2 protein chains.
Amino acid sequence: MTLDERKLRILSAIIDDYIETAAPVGSRTITRRHNIGVSPATIRNEMSDLTELGYLDQPHVSAGRVPSSKAYRLYVDRLLSAWSDSELPVDPSVNEYFDEKALQMEDIVKTAVQAVSSLTRLTAVAVLPGQPEMRIATLQLVPMPNGSALLVIVTDSGIVRDTVIHVSRRLDMDGLYAISRTLTENMAGHTLMEVQAMLDAYAARSSADQRVLMGVRDLAAQMARQASEDSVAVEGAHNILSYPEFSDLDKARTFLSTLEAPDRLISLMRDNDQPVSVRIGTELGIPDMADCSVVNAGFSYGGCCGTLGVIGPMRMPYGQVMRTLYTISQRMTNLFAEVR
Amino acid sequence: MTLDERKLRILSAIIDDYIETAAPVGSRTITRRHNIGVSPATIRNEMSDLTELGYLDQPHVSAGRVPSSKAYRLYVDRLLSAWSDSELPVDPSVNEYFDEKALQMEDIVKTAVQAVSSLTRLTAVAVLPGQPEMRIATLQLVPMPNGSALLVIVTDSGIVRDTVIHVSRRLDMDGLYAISRTLTENMAGHTLMEVQAMLDAYAARSSADQRVLMGVRDLAAQMARQASEDSVAVEGAHNILSYPEFSDLDKARTFLSTLEAPDRLISLMRDNDQPVSVRIGTELGIPDMADCSVVNAGFSYGGCCGTLGVIGPMRMPYGQVMRTLYTISQRMTNLFAEVR
DNA sequence: TGTTAGCACTCGACGTTGATGAGTGCTAAC
DNA sequence: GTTAGCACTCATCAACGTCGAGTGCTAACA
């Protein structure tokens with residue numbers, strides 16, 4: 001049985017009301033607040049059908065109805081198909097979060113996550129998949145005041161890492177640059193893994209400062225380790241405390257501890273190839289999160305693609321969230337194109 | 001009226017019990033769990049006196065007693081004076097959080113805050129006061145893959161900042177180094193403020209790449225801005241959700257929003273000159289925080305001194321917290337001495 | 001055949017009541 | 001000064017009744 005126009009209108013009205021108020025919606029409320037054009041009794045008959053079909057849940061016999069995850073799924077699918085007919089709508093309020101400055105890749109991600117969290121008042125997450133094949137672009141040693149040196153490594157995808165390493169005291173800025181130049185000439189274009197091997201070999205037969213070489217190798221190793229793992233950024237974790245869904249402290253704690261486990265977070269943010277994807281309740285496949293939803297949007301940097309997303313209660317304003325995420329993810333893709 | 005030995009023992013027993021259980025302590029509980037050597041009735045008489053004197057509160061007539069802030073103050077003062085007689089005790093479990101690596105100053109702070117939060121299971125905060133007089137040690141431009149450059153500035157206090165700036169496309173690594181060298185020769189030893197003025201003057205009469213000079217000036221300006229403000233690091237904010245004191249969601253939200261306001265946080269972390277300082281309840285001077293306490297310890301880096309602290313419910317294991325903070329703050333001071 | 005008014009019914013929310021028990025304060029005896 | 005005994009207080013909890021929002025069903029209506 002497929003839903004006729006009136007059933008869809010009623011279902012949609014219930015979802016809108018419920019998203020706004022978080023309280024079960026009754027038949028009279030609908031006639032008051034939406035112009036369906038029939039009496040509560042008729043609405044009740046329709047609601048009874050919708051319940052039968054699995055689109056509505058009834059917390060108990062004398063409360064109103066609550067949309068089921070199936071209802072949200074339908075609602076979201078209709079939004080998506082409406083959008084795919086025309087241009088995807090963008091959210092102009094995004095602009096105030098991004099200014100014209102040339103940003104490092106990690107700053108862009110941070111800005112984006114903050115923007116999403118603050119615009120949606122939900123928890124925003126970004127996942128950058130590991131790039132084990134990242135190649136070195138430049139190595140540079142910078143003198144530090146206490147005689148050690150700052151080692152800066154820049155990769156071809158614009159990722160910057162630095163660390164302090166110990167060096168022989170006789171090396172001044174020129175000396176460090178000479179080393180930087182040699183290292184860059186030899187290492188540029190190689191992956192982080194290759195560089196480690198090269199340095200081990202090189203160190204054995206070279207008279208260069210062993211501590212420098214080992215420092216470079218260690219940072220390369222650390223970067224390789226970090227780079228091969230997915231990295232995660234979270235913002236607005238305790239926004240969720242304002243939602244009545246989480247007025248139970250235990251639920252809130254469960255939610256927050258999920259956010260602190262990068263593995264689970266990464267599996268929640270798995271992206272598919274749509275511009276915006278929505279997973280609702282049990283679709284997430286995690287029992288603890290069965291009454292939450294995740295919306296995410298992909299962005300690309302380099303050859304790779306990351307995911308920007310939002311986690312929140314199943315009752316969330318999907319339309320607005322999807323619009324915001326889509327807009328910001330597009331913006332990120334553009335910014336990354338500039339960085340490279 | 002001053003407290004005799006027995007009153008002190010009883011008060012101390014009540015505080016210890018209450019810190020452990022978070023439940024009002026009755027007279028029988030004390031005789032069972034502590035060896036005072038008198039009957040519950042006698043304890044009751046003493047407790048009545050202690051209540052009269054303001055050391056104990058009575059939530060209602062037939063619950064046990066709860067220590068007042070005055071009681072915690074006495075308790076903490078006695079701990080402090082016991083310690084000042086001998087060596088301050090250290091907490092050996094701190095070691096596993098710090099390894100031998102040479103760390104950047106900001107990494108040290110981050111590690112310390114994480115260690116405190118995880119050892120105390122409370123919210124840890126570090127405040128670094130602004131250093132408007134910070135001087136430049138080295139400026140270095142590093143080529144980025146897309147033709148722009150990474151500008152790295154190292155200050156005399158070991159603070160590192162970098163940003164991406166646009167440069168003319170003709171500059172390769174050697175060209176950038178030549179500029180870096182000139183810039184460093186001219187700027188080293190000057191404050192961030194001076195550097196901005198110098199660059200403005202220099203740019204006017206120089207043929208050097210204006211975009212580089214402006215990029216350096218902008219980063220110097222940004223660093224000066226950041227450096228003149230106190231900076232704050234927080235860790236373990238939602239540890240407090242596990243404490244029954246915060247089972248009221250509104251209280252938890254108030255607490256968490258205080259943590260998000262750097263100004264209030266900085267005023268909470270104001271340090272005095274003791275090695276470890278404790279402020280309890282209303283001593284904090286913030287109505288919203290009247291049932292919280294703050295413990296903090298100073299550390300020094302460069303000529304300046306920062307504060308490492310803990311915020312939590314008034315009922316916290318002061319002894320352990322003070323020990324942990326003292327140990328870590330000492331460790332930080334040592335590490336900073338190495339960095340410089 | 002679809003829509004609607006009417007009405008009995010359900011069940012959570014909320015307030016009241018009473019029993020329970022931990023803990024106190026007082027008194028009198030030791 | 002200490003202690004046993006005892007009346008008293010008051011939060012907690014379960015049981016119970018009331019209230020009202022909302023439903024489902026039925027019969028009448030267009």
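In this text the structure is predicted, and so the values were computed from the model without any measurement. Order of the sequence lines sets the chain letters (A, B, ...), proteins ahead of strands, with each chain counted from 1.
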* Within residues 17-24 of chain A: residues closer than 4.0 Å to DNA chain D (heavy atoms) -> none
* **salt bridge (charged side-chain N to carboxylate O under 4.0 Å, His left out) partner of A:D17, the single match among A:R33, A:R65, A:R32** => A:R33
* Residue pair B:Y72 / B:D77, side-chain donor-acceptor N/O under 3.5 Å -> no
* Would you please say whether a donor-acceptor pair under 3.5 Å links the side chains of B:Y55 and B:D49? => no
* Using purine N1 to pyrimidine N3 plus N6-O4 or O6-N4 for Watson-Crick, or N1-O2 and O6-N3 for G-U wobble, both under 3.5 Å, which nucleotide pairs with C:dT3? -> D:dA28
* Asked: Are the side chain of A:E283 and the backbone of A:I280 linked by a donor-acceptor contact shorter than 3.5 Å?
  -> yes
* Rounded off to whole Å, could you give me the CD1-to-C1' distance for the A:I30 and D:dG22 pair? => 12 Å
* **Pairing partner of D:dG17 (Watson-Crick or G-U wobble, both distances under 3.5 Å)** => C:dC14
* **Gap between atoms CD and P, on B:Q58 and D:dA11 respectively (whole Å)** => 12 Å
* Can you tell me the distance, in whole Å, between the CZ atom of B:R65 and the C1' atom of C:dT24? => 7 Å
* Asked: Do A:M322 and A:V278 come within less than 4.5 Å of each other through their side chains, counting heavy atoms only?
  -> yes
* Asked: Between D:dT23 atom P and A:I43 atom CD1, what is the distance in whole Å?
  -> 10 Å
* Asked: Want to settle it: does A:M47 or B:V38 sit nearer the 5' end of DNA chain D, counting the closest nucleotide to each?
  -> B:V38
* To do: Taking only the side-chain heavy atoms of A:N45 (C-beta and beyond), determine which of C:dT4, D:dT9, D:dT23 contains the nearest atom.
  => C:dT4
* To do: Check whether the side chains of B:R121 and B:S242 place a donor and an acceptor atom closer than 3.5 Å, and report yes or no.
  => no
* **Side-chain (A:R44) to main-chain (A:S39) donor-acceptor, under 3.5 angstrom** => no
* Just call it for B:T42: base, sugar-phosphate, or nothing, with non-hydrogen atoms closer than 4.0 Å on any strand. => base
* Roughly, in whole Å, what's the span from CD in A:E52 to P in D:dT23? -> 16 Å
* To do: Determine yes or no for a side-chain-to-main-chain donor-acceptor pair under 3.5 angstrom, with B:R315 supplying the side chain and B:P67 the backbone.
  => no
All N/O pairs under 3.5 Å across the protein-nucleotides 6-9 of chain C interface:
unit_1: C:dG6; atom_1: O6; unit_2: A:R44; atom_2: NH2; d: 3.4

* Could you tell me which non-hydrogen atom of B:L249 sits nearest to which non-hydrogen atom of A:S247, and how far apart they are? => CD1-CA, 3.4 Å
* What's the CG-P distance between B:D49 and C:dC26, to the nearest Å? -> 11 Å
* Establish, from distance only, whether the side-chain atoms of A:N296 and A:T307 form a donor-acceptor pair under 3.5 Å. => no
* **Other residues, nucleotides, ligands: >12 heavy atoms within 6.0 Å of B:R73 CZ** => yes
* Does A:T42 use its side chain to pair, donor to acceptor, with the backbone of A:V38 at less than 3.5 Å? -> no
* Per B:S62 side chain, nearest of listed nucleotides D:dT23, C:dG21, C:dG25 -> C:dG21
* Structure fact -> Taken to the nearest whole Å, CG/B:L56 to C1'/C:dG25 is 15 Å
Enumerate all atom pairs, one protein N or O and one N or O from nucleotides 17-19 of chain C, separated by less than 3.5 Å.
none

* Are any of B:R6's side-chain N or O atoms less than 4.0 Å away from OP1 or OP2 of D:dT2? -> yes
* Closest-nucleotide 5' rank along DNA chain C - winner of B:S27 and A:P59 -> A:P59
* Would you mind reading off the distance between B:I10 atom CD1 and C:dT24 atom P, rounded to a whole angstrom? => 12 Å
